[in-house]
Each structure stands twice: as C-alpha cells, then as structure tokens.
Amino acid sequence: MPLTPSRSDLSVLFITSEVHPLNKTGGLGDVSAALPAALRQLGVDVRLLIPGYPQVLAGLKYKRKVTELAGLSQFPPAALLSAKLPVSASVDVPVFIIDCPGLYRREGGPYMDVAGRDWPDNALRFGLLAKIGAILACDASPLAWRPQVVHCNDWQSGLTPAYLHFYRGIKAASLMAIHNLAFQGIFPPGTITQLGLPISSFDINGVEYHGRMSFLKAGLYYADHIVSVSPTYAREIQTAPLGFGFQGLLAGRRKHLNGIINGIDAVEWDPATDPCLVRNYTANKLAAKTANKRALQQALGLTVDPDILFFGAVGRFTQQKGYDLLLQVAPQLTKIPAQLVVLGSGEAALQQQMTMLAKTYPGKIAVRIGFDETLSHLIEAGADSFLMPSRFEPCGLNQMYSQRYGTPPLVHATGGLLDTVVDCTPATLADGSASGFLFHTMTPGHFLAAIRRVAIIYHDKPTWRRLQKNGMAKDFSWHPSAAAYREIYLALLSRLSK
Ligand code: ADP
C-alpha cells in the first residue's frame with residue numbers, strides 16, 4: 001500500500017550514486033542534477049539521497065545533521081545530513097547525504113579505487129544507500145518528510161524496491177530507472193543475509209541471478225514501475241543481446257516499462273553563454289564557431305586549418321562505446337582528409353592504443369586521456385562533427401550536446417542515439433528534420449562509409465549550415481521529460497491505490 005498523499009503536491013525521493021557537479025562518472029551524474037531540478041520547477045517536491053563521498057561532503061555547504069542511523073543489519077552506523085545542491089540560478093535541490101566514513105570517505109572513485117578495481121565492499125556501500133532509501137520511504141522513517149514515490153537509479157539503488165517489498169507497513173511506490181543494464185551489481189549469495197534481506201528472496205522470482213544475487217535484478221523484479229532512458233532502449237532490452245540476460249524478466253514486465261528520453265542541462269550546455277568556449281555563438285552567428293575550432297586545434301597541437309573536417313569524440317573507453325571501431329577506421333579517416341580528437345579514459349588497452357594512434361598521426365589525431373569537463377565543452381564547439389559509434393547507448397547525452405552546438409553527430413543507430421538524431425537524407429533535408437548521420441551496421445566498413453558521407457555534406461556548405469541549424473533549433477530541454485516522469489509517478493500512485 002503506498003503512502004496516501006498528505007499534500008496535493010507530489011513528493012519523490014531520488015536515490016543516486018553520483019550527481020554533477022559533486023561527483024560524476026557518466027550520464028547518471030548529469031541526470032541526477034538536471035531531472036530533479038526540472039521536476040522541482042514543475043512543482044514536484046523531489047529530494048536526493050546520495051552517499052557522503054569526500055567530494056560530496058566538500059562540495060555541499062551548510063550541511064545539517066538530521067538523524068543518526070545505527071543498528072541496521074551489518075551496516076556500520078551512519079548519520080543522515082541534509083543540504084541544498086544549487087543546480088541553477090533559480091533552483092536548489094534538497095539533498096540527504098549518508099555520512100558513513102567507513103564506507104564512503106576514501107580516495108578514489110564512487111565504484112572503484114584509484115587503480116580501477118571495484119571496491120571490495122561495494123555490496124555494503126550500496127546496500128546501505130538502498131536500505132536508507134527504503135527507510136526514508138516508509139512509515140518507519142525518522143523524518144517528518146515522506147516521499148510518495150522512490151525513484152531508484154541503476155544497480156546501486158536496486159535493492160530499495162526489494163527492501164520495500166518485504167516491509168509490511170505503509171510505504172512509497174517504487175520506480176526503477178535503467179540508465180545502463182550492463183552494470184548489474186552482482187555479488188555472492190551470502191550477501192543477502194549480510195544486507196538483511198530474507199533468504200526467501202534468493203529465488204528466480206527475486207534477487208537470484210545465475211546462482212548469485214544481482215542488485216539490478218532486485219530492482220527490476222520488485223519495483224512497481226520501470227523506466228529506461230529512451231523508448232528505443234526500452235524495446236531493445238526486451239530481447240537479447242541488449243537485455244544482458246534480463247530480457248525475459250523485462251519482456252514479462254513490459255506493461256510496467258516505459259522509455260523516457262533524457263534531456264540536457266540547456267543552461268550549462270549553451271554555446272551562446274558557455275564560459276568554456278573561446279567565443280560564444282548562436283545559430284545566426286555560426287561564423288564565430290570557427291574561433292573555437294582554431295583554439296582547439298592549437299591547444300591539441302593539430303595543424304591549424306579552418307577548412308579541414310574535424311571530428312571529436314568524448315566518453316568512457318569501454319566496449320560499449322565502440323572506440324575499437326574508431327581505432328580501426330582512424331588511419332583512413334586522416335586520408336579523407338580529416339582530423340580527430342578523442343577525450344576519454346577507461347580500459348587500459350584502449351588508452352594505450354589511443355595514445356599510440358595519436359603518436360602515429362601527429363598534427364592529425366590528438367588524444368587526451370582523463371576526465372576534462374572544460375575540454376569536453378570545447379570539443380563540442382570546436383569540432384565540426386561528433387562521433388558516437390556506440391554498440392548500444394541507453395540514451396547518450398553527447399549527441400544532444402553536439403546538435404545544440406552546431407556539430408552534427410555521426411552515431412550508430414541504437415537506443416537513444418536513434419531516438420535523438422535524424423539521419424541526413426534528401427527527404428529529411430527537404431522537411432527540415434535532418435540533424436546528423438546514422439550508420440546501421442556495426443562494422444568498420446559501414447562506419448567509414450558514414451564518415452565519408454559526412455565529408456561530402458561538410459564540403460557542401462549551404463547543406464552543412466542547414467544541418468547545423470536544424471540541430472541547434474531542437475528542444476532537448478528536460479521540461480518534456482520531467483513532465484513525462486511526473487505523469488508516470490501520478491499513474492503509479494493511482495494504480496497502487498486501487
Ligand atoms: P555514459 O553515461 O554511458 O558515460 P552519456 O553520453 O550518457 O554516456 O554521458 C556521458 C557524460 O559524461 C557526458 O556529459 C560526457 O561529456 C561526459 N564525459 C564522459 N567522459 C568524459 C571525459 N573523459 N571528460 C569529460 N567529460 C566526459
């Protein structure tokens with residue numbers, strides 16, 4: 001039974017393991033700031049729950065302790081702090097922080113140590129996040145504020161719906177958002193008792209996954225509703241291979257599964273005001289974009305040439321992102337001729353191969369290993385076209401940033417990329433919808449053919465301008481997506497109250 005709304009407005013607890021600008025490893029960090037802010041603008045009382053990593057504690061001012069939380073299964077004692085995250089000039093999002101020094105206050109990333117190894121106690125670290133999320137979402141909460149809906153994100157908060165399922169009192173409705181099904185939070189079966197879940201949950205109809213337990217499966221199985229971050233990805237995950245083993249479960253739950261495309265932070269990613277750019281520009285002043293191209297070429301040690309086609313790519317170096325394909329086509333890309341900059345970090349082998357690539361093609365290809373927010377903005381503005389050869393992409397943000405920056409993207413036709421990029425064809429040019437380029441088959445040959453297609457249009461200046469302007473005119477703001485989430489929360493409460 002969900003909590004009966006005590007007020008006419010909607011209250012939501014948004015549980016996340018990362019939030020921009022405090023700590024971000026990928027798109028979830030962006031979403032965790034922008035979606036709650038957009039929901040607050042629609043009148044939804046949404047509050048965040050996040051672990052107290054050092055960056056979170058240092059980045060949030062005026063923290064106040066609201067309660068102590070001790071004696072929770074085998075979890076170490078923790079305190080709950082509250083603060084406000086200033087997301088934009090007009091919106092602050094209230095945040096609850098779990099201060100548990102033994103689990104969260106350490107150097108390294110949120111999921112891995114500095115050497116890139118998963119933290120050995122990740123089950124406890126994110127089990128505690130999920131457990132406290134469930135406590136705050138039920139009538140056992142020590143707080144006066146109660147959410148009607150708990151919005152969980154990826155495996156790190158996947159256990160919250162399970163804890164709520166086994167709680168017999170009054171509780172919030174649960175929504176499980178899938179940002180990436182490839183990360184499943186898999187741990188040994190003994191973890192179940194350590195985390196205070198009943199043994200009966202270790203079942204195919206429960207948290208069991210091929211003899212082990214999966215935090216993500218728990219969320220997908222027990223949540224009242226599931227949302228994935230694009231309509232195409234919502235369909236793709238109901239079949240192999242993109243269901244990553246959960247396709248049967250997801251297909252069975254399709255009545256309670258929607259896809260809602262992510263928006264972008266249209267203030268932070270605005271070429272007219274972006275402070276990371278050398279020169280700001282708009283769709284009507286596109287000539288100013290070239291100053292960014294020059295500055296980027298100079299900063300990267302590439303040959304400064306305003307006319308050469310310049311590709312950019314930014315992202316995590318993993319199998320998912322298809323950078324292996326980019327490595328294969330890069331030599332031919334330089335012969336088009338074209339230049340390339342790649343910014344990213346991740347798998348050691350890809351980092352090495354990328355570094356070698358830049359050494360082999362000085363002046364033509366530049367590679368920067370690491371996470372560099374400023375450079376990523378300058379690449380969006382300074383490159384002519386943005387490459388995303390992802391094998392799969394639940395939503396993707398960079399293809400939206402690049403359309404907004406007049407940098408038409410070339411993307412693999414999958415997930416959110418397919419939902420947000422309109423392929424440049426005579427028909428889409430004629431109806432004004434063309435905004436980038438798609439390739440449908442994940443082979444170097446098809447990718448290279450699409451790269452050549454970009455080159456042809458790039459040198460047809462009037463058509464290229466139309467493509468740039470079409471992309472820049474699109475509305476990628478969070479407003480429509482936040483409104484869709486609000487509708488789902490309301491429909492969920494209505495369904496569960498019957
Ligand atoms: P994912 O969440 O799968 O990593 P998204 O495209 O949804 O991919 O979001 C990635 C976000 O992280 C984007 O804002 C992107 O610019 C940013 N990003 C990824 N890698 C880097 C990097 N090395 N430097 C700066 N920003 C990065």
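Given the structure is predicted, the values throughout are model-derived calculations rather than measurements. All ligand and atom numbering here is 1-based and tracks the order in the structure.
Among all non-hydrogen protein atoms, the one lying nearest atom 27 (C) of ligand 1 is Phe371 CE1, 3.3 Å. For atom 5 (P) of ligand 1, the nearest protein heavy atom (residue, atom name, distance) is Leu397 N, 3.8 Å. Counting protein heavy atoms only, atom 2 (O) of ligand 1 is closest to Gly27 N, 2.5 Å. In terms of protein heavy-atom proximity, atom 24 (N) of ligand 1 is nearest to Asp372 N, 3.0 Å.
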Item to check | Step-by-step ring-ring contact (aromatic ring centres under 6.0 Å, His included) determination, Phe246 to Tyr209 | outcome: CA-CA 9 Å; Phe246 294 132; Tyr209 186 61; 4.7 Å; yes
Next on the checklist: Pair Arg316, Glu347 - check salt bridge (Lys or Arg N to Asp or Glu O under 4.0 Å), show working.
Outcome noted: CA-CA 8 Å; Arg316 293 179 292 113; Glu347 288 168 17; over 6 Å; no
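Taking only nitrogen or oxygen atoms, main chain and side chain alike, Asn398 reaches within less than 3.5 Å of ligand 1. Geometrically, ligand 1 and Arg316 share a nitrogen or oxygen pair separated by less than 3.5 Å. When only interatomic distances are considered, the shortest N/O to N/O separation between Met388 and ligand 1 does not fall below 3.5 Å.
For Lys321 and Glu393, the salt-bridge test passes: some basic side-chain N is under 4.0 Å from an acidic carboxylate O. Using a 4.0 Å cut-off between charged nitrogen and carboxylate oxygen, Arg404 and Glu380 do not count as a salt-bridge pair. Of the charged side-chain nitrogens involved, none lies within less than 4.0 Å of a carboxylate oxygen, so that Asp224 and Arg253 do not count as a salt-bridged pair. Asp305 has no carboxylate O lying under 4.0 Å from a charged side-chain N of Arg294, or vice versa, which leaves the two without a salt bridge.
When non-hydrogen atoms are compared, ligand 1 lies under 4.0 Å from the side chain of Lys24 (C-beta onward) but not from its backbone. Residue-level proximity to ligand 1 for Leu375 is absent, since no heavy atom of it falls below 4.0 angstrom.
Listed for the Thr407 side chain is no donor-acceptor partner under 3.5 Å among the backbone atoms of Phe386. Within the 3.5 Å criterion, the main-chain N or O of Leu103 finds a donor-acceptor partner in the side chain of Arg125.
Heavy atoms of Cys395 come nearer than 4.0 angstrom to ligand 1 in no pair at all. Using 4.0 Å as the threshold, Gly370 has a heavy atom nearer than that to some atom of ligand 1.
Other residues, nucleotides and ligands contribute only 12 or fewer heavy atoms inside 6.0 Å of the NE2 atom of His479.
Within the listing of ligand 1, atoms 6 (O), 7 (O) sit less than 4.0 angstrom from a heavy atom of Gly396. With ligand atoms numbered from 1 in the order given, ligand 1 contributes 1 (P), 3 (O), 4 (O), 8 (O) to contacts under 4.0 Å with heavy atoms of Lys321. Close approach of ligand 1 to Gly344 (heavy-atom distance below 4.0 Å) involves ligand atoms 23 (N). Shown in contact with Asp30 at under 4.0 Å from a heavy atom are these atoms of ligand 1, numbered in order with element: 11 (C), 13 (C), 14 (O).
Judged by distance alone, the side chains of Gln339 and Lys364 never bring a donor and an acceptor atom under 3.5 Å apart.
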